Amino acid sequence: MGADQLFSHGVTLAVFVIVIVKVLVAFAALMVAVMLMIWFERKVISDMQNRIGPNRAGPWGMLQTLADGIKLFFKEDLIPENSNRFVFKLAPYLTLMPAFLIFTIVPIGGIVTIFGHTTELQVADPPMGILFLLAMSSVAVYGVMLAGWSSGSKYPLIGSIRASAQMISYEAAMGLSVATVVLITGSLSTRDIVLSQMGTFFSFIPKWNILRLGVVPFIIFVIAITAELNRPPFDLTEAEQELVGGFHTEYSSIRFAMFFLAEFMNTITMSAVIVTLFLGGPDGYDPSFLHWLWPILWFLAKTIVFLFGYVWLRGALPRLRYDQLMDLGWKVLIPISLAWILIVAAMQVNRYMGFGLLVLSLLCAVLLFRSMSIGDQSGEATDITLAPTHWPLESEAKQIAPGLKVVRPTFRSGTPESGGSK
Amino acid sequence: MIGHLLLTTIALPDLFTFIFAGLAALVGAGGVILARNPVHSALMLVMTLFSVAVLFVEQDAQFLAAVQVIVYAGAIVVLFLFVIMLLGVDRREVTQRDPLPAQRPLAVVAAILVLLEIGLLARSHWSTGQRAVVGPTNGGQSNIVELARAVFTTYLLPFEATSALLVIAVLGAVVLARRAATPTDTVSKLNTESSNILVEAVADPAISSDDGQRSHQ
């Protein structure tokens, strides 16, 4: 139950060395993965926008990220006069650390034997397991929040307040969809979650959580994670047209590079977490040779699919408006995931209870939807500071200021890469 | 006697963890009351909460540690910071003149009482140095299973009552915080301003026009 066999015979020097090596390998692999991910994102998004993208440094421009990194490293490190110096320096680390720490609980392969020591291919397998993900993602809010506040400037502050409100709102939906996985596994350990997804239905459909739980928690988790990552279409926190760069506007040089690193590291880590929770992690077809290799390859393949998905989302979807974002989080995702967790729990008891609860929650959904639409029609605006309940009509605007042209917002999809690496 | 207890029941790594985490918790606690800037105080509070979480892990109370970080560091202190930033009270406070003069002597008395209580509790015999009464170290099931069983069997009624109380509190907060406003408010407010602002308000609904944070595109 949630413990690496490595420690079953006490902690000797060899065990200690194995742990250190695992940490170093995970860190190095994540760094290289970030480098490749940035190149991959820029290449794919260029293809989607009919551009060529980076093609100078290295084969197919693969070393472009390295070149950008070195360039950033040698740039002048500016600290604004009005900033809170200590917090300003602390914030990039607070963003970077959780990104790496979450990766330590992801199982990237099967169980192997090194020098007579049996160990799991993941850095740590604590009994609290997936709760660690929730804890670390709630810590990640600090980095963004403090970066914006300590800059002592208005755009970063607006960006960080948006970011923290968004991350807090979507954490609830994320936690509830994780809870369904925990319910069906009966353990919090990530290794147990992966092990419980091995095997097949009817000997060909994999027994992954995405199918066992119905697809709903998976979809909710992916949406919530995208919002948590501040990636498009949820990147209001750094909306270039409104906020310059959001919370990292005032950052330059190596500190800016750290934010950038953390963002992509988070993207990779969260894709890996999705694979772990819903797609069986390293589970997959295993030919009867090279047993240690295939799980790792399966894990990588599944993760890359999600990484491509994130790039695709960035290329295809326009950014959400703030009130749309909050409506989606609070009025759609949280009620659905609450209902679904009840259904999953009832299914654990028996089928009749499960289907009964399904019908009941559908009825509740209809009621909720009806009450929301009545609330909208009654014309009482509760969030008037954030957005008007309706666009001022042409006639209303004419009444107030004759001869005025009403400009309606146009939403552009994806921003072309301008200038630097973003 | 204390040295003897330390050497016999606590392993060396545990001792180091305890000393480091304990010191960090104390430094953080001191920082909370000594820092002039409220944001620094909040950060120091986070440090204390983290150190206590480390102490929980060291005692094999993994679930408690995770919940400590998720709830206190992840939700409550974030809320503190959110309010501090949103209300803009993040500047140095004047601490020379006390608005409540009785506060300081009362605080000293309370501190002495708490210290006395801790001293008395530490002297009693039920601090045995054992990690847990139930749980993995005593051959039982994992910490989380034991906790879940206790919460959903023995203490089911208090647990449900607490959750009902929380829901009621949330509803109460929503009702209290609700402001009645009419949809014409936006338009009539704009009516008094110059027509220049209307264009902006229409063009960019995400930013309210009256707090001086206009964004030109």
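Chain letters run A, B, ... following the sequence lines, proteins first and then strands; every chain starts at 1. From a predicted model like this one, the values you see are computed outputs, not experimental measurements.
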| query | So, for A/Val141 and B/Val78, which heavy atoms are closest and what is the spacing to 0.1 Å? | reply | CG1-CG1, 4.2 Å

| If you round to the nearest 0.5 Å, how far is CG of B/Asn37 from CZ of A/Phe86? | 11.5 Å

| said: Let me confirm one number: the OG-OH distance from A/Ser138 to B/Tyr72, rounded to the nearest 0.5 Å. | reply: 14.0 Å

| task | Indicate yes or no: at least one non-hydrogen side-chain atom of B/Phe50 is less than 4.5 angstrom from one of A/Val139. | result | yes

| task | Measure distances from A/Ile161 to the heavy atoms of chain B and classify the residue's part below 4.5 Å as side chain, backbone, both or neither. | result | both

| said: Is it the case that over 12 heavy atoms from other parts of the model lie below 6.0 angstrom from the CE atom of B/Met47? | reply: yes

| Heavy-atom check, side chain of B/Val39 versus side chain of A/Asn84, under 4.5 Å | no

| task | Would you mind checking which part of B/Leu43 comes under 4.5 Å of any heavy atom in chain A, side chain (CB onward), backbone (N, CA, C, O), both or neither? | result | side chain

| task | Find out whether A/Tyr142 and B/Val77 are in side-chain contact, i.e. whether some heavy atom of one side chain is under 4.5 Å from a heavy atom of the other. | result | yes

| message | What part of A/Ala165 gets within 4.5 angstrom of chain B, counting heavy atoms only: side chain, backbone, both, or neither? | response | both

| said: Taking atom CZ as the centre, does B/Phe18 end up with more than 12 heavy-atom neighbours from other residues, nucleotides or ligands that are less than 6.0 angstrom away? | reply: no

| Minimum-distance pair of heavy atoms, taken over all atoms of B/Val69 and A/Ala135 | CG1-CB, 3.7 Å

